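Predicted model only: the values in this text are computed from it and were never measured. Reminder, nothing fancy here: chain letters follow the sequence lines and each chain counts from 1.
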2 protein chains.
Amino acid sequence: MNSELSHIQANINSLIEMNEEEWTYYSAMFRVKEFKKKEILLEVNDICSNIFFVNKGLLRIYFIEKNGDESTIYFSQENDFAVDYDSFLNQTPSNYTIEAMEDSQVVFMSNKMVVEGYNKLRNGEKLGRLLAEKYFLIFSKKIQNIYTKTPFERYLLMNEQFPNIRQRVPQHYIASYLNISSVHLSRLINKKL
Amino acid sequence: MNSELSHIQANINSLIEMNEEEWTYYSAMFRVKEFKKKEILLEVNDICSNIFFVNKGLLRIYFIEKNGDESTIYFSQENDFAVDYDSFLNQTPSNYTIEAMEDSQVVFMSNKMVVEGYNKLRNGEKLGRLLAEKYFLIFSKKIQNIYTKTPFERYLLMNEQFPNIRQRVPQHYIASYLNISSVHLSRLINKKL
DNA sequence: TAAAACTGATAACATTTGTTATTGCAAAAT
DNA sequence: ATTTTGCAATAACAAATGTTATCAGTTTTA
């Protein structure tokens, strides 16, 4: 058993049932790759042809605004996925950039592999459904928090969703994730309001 | 052919293939109901046991903040769905309220029916996947807009996503959807800044 | 190891957005 | 038909948040 795939195997097994034969067939299509801190996994305007699964390390998904500012929408830590889902599903140019925040080990699931899984795995469509539902609920919660929580409350909640993220990335990325300026976040943390 | 179901049939057919026999079996489980303006389809803390499909009229999905303010997260117009997906999928108490903004005709898909569809329809899981993906992308776009667009830009975009919504609901609900105060929206519209 | 780039705190100031109250008009209820 | 309620505009003020600049301490790079 390839230990590089043990985490994603466990992750998928927590969602659907997959027998030995299916796993053998399916797992042969994964690719594993290492990235150095600051390396880019997906560039804006490229077509996102893979879903990334983080074995080790940390990825950041962000987009760039007209004025050049970056807006971080998601951090993918160990055992989580990273993808521009729109670009991936529709094979259209990406609006997002995906960047390694630390030296990372990443498992690639190609679009071809995922589509093939829909058809060839007994529970391929179910896997797709459960993943889409899971990330829908995450984003739904994120919207609810933007609407109802103060920035500081969101700052605290963020640490629950992304444990130790505050220790792993510079503060201005946190501010970007919270959709506030880094100055404002610093003020909130240090209660100089 | 029941004309009350023609819209949802077309909607589902645009997503998956379904033969006559499957449709006959599946469509027998829909229920159709009329609601008067201001009637509530889903109360907070009730379990959302149905997905609502709007044949005619307009629904609003919102939640209530600690201070009593309402935050509107979605408008469901003709040929669109409305649901507290979290409550529906996990059969947990709802955080949201769903209310008719106009006299409406609504098709009910029960949780039982949907789960049965996953198993009994050839493309049941695929239907679930495509719907989850569709609404994921809508919410993903919504987050991107919150991060990158000004309130006034979001006001203009909203009219693309929900055609004629400005003519159909009072302005303060629009403000609530945009996550700004009604006074602020009025100022933006009347350029008194 | 020296230089450069990055980070986070802070201050001063500008801008955006919210809150409350008032008013006139329109819509809905009786 | 008249009363009540709801709605949108507006003004005055308050609070939240952004912008720019500076600085000291780190970390990274050459």
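Between A/E99 and A/K38 there is no salt bridge, since no side-chain nitrogen of the basic residue lies less than 4.0 Å from a carboxylate oxygen of the acidic one.
Atom CZ in A/R154 sits roughly 14 Å away from atom P in D/dA16 (whole-Å rounding). Counting to the nearest Å, the C1' atom of D/dA8 and the CD1 atom of B/I174 are 13 Å from each other. Counting to the nearest Å, the C1' atom of C/dT17 and the CD atom of B/E153 are 16 Å from each other. Rounded to whole angstrom, the span from the CD1 atom of B/I146 across to the C1' atom of C/dT17 amounts to 16 Å. One can place CD1 of A/I189 at 9 Å from P of C/dG8, the figure rounded to the nearest angstrom. If you take CG of B/L178 and P of D/dA8, they are 13 Å apart, rounded to a whole angstrom. Rounded to whole angstrom, the span from the NZ atom of B/K191 across to the P atom of D/dA8 amounts to 17 Å.
Contact record, A/Q144 with A/T148: O-OG1, 2.8 Å, taken as the closest heavy-atom pair.
Cation-pi geometry between A/K142 and A/Y177 is satisfied (NZ or CZ under 6.0 Å from the ring centre, within 45° of the ring normal).
Between the axis at the start and the axis at the end of the helix from C/dT1-D/dA30 to C/dT30-D/dA1 there is an angle of 60°, using five pairs per end and rounding to 10 degrees.
Between the side chains of A/Y118 and B/E125, not a single donor N or O lies within less than 3.5 Å of an accepting N or O. Counted by atom type alone, A/Y25 and A/E116 present one or more donor-acceptor pairs between their side chains at under 3.5 Å. Side-chain N/O atoms of B/Y74 and B/D80 include a donor and acceptor closer than 3.5 Å. If you check the side chains of A/S176 and A/T72, you find a donor sitting under 3.5 Å from an acceptor. Side chains of B/S71 and B/E65: a donor-acceptor N/O pair is present below 3.5 angstrom, by distance only.
Two residues are said to be in side-chain contact when any heavy atoms from C-beta on lie closer than 4.5 Å; A/Y26 and A/L121 meet this criterion. Side-chain contact between B/D86 and A/S140 is absent, with no heavy-atom pair separated by less than 4.5 Å.
The structure places CZ of A/F35 at 8.5 Å from OG of A/S104, a figure rounded to the nearest 0.5 Å.
The stretch residues 163-173 of chain B touches DNA chain D through B/P170, B/Q171, B/H172, each having a heavy atom within less than 4.0 Å of the strand.
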Output side-chain donor-acceptor pairs under 3.5 Å for residues 48-56 of chain A, partner residues at least two apart or in another chain, one line each.
| residue | atom | partner | partner atom | Å |
| --- | --- | --- | --- | --- |
| A/N55 | ND2 | A/E4 | O | 2.6 |
| A/N55 | ND2 | A/Q105 | OE1 | 3.1 |

Tabulated below should be each protein N or O lying under 3.5 Å from an N or O of nucleotides 26-30 of chain D; please produce it.
none

So which protein N/O to nucleotides 18-24 of chain D N/O distances come out below 3.5 Å?
| residue | atom | partner | partner atom | Å |
| --- | --- | --- | --- | --- |
| D/dG18 | OP2 | A/S181 | N | 2.9 |
| D/dG18 | OP2 | A/S181 | OG | 3.3 |
| D/dG18 | N7 | A/R187 | NH2 | 2.7 |
| D/dG18 | O6 | A/R187 | NH1 | 2.9 |

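Listed by first and then second residue, the salt bridge (Lys or Arg N to Asp or Glu O under 4.0 Å) pairs involving residues 153-163 of chain B are A/K66-B/E153 (not counting sequence neighbours).
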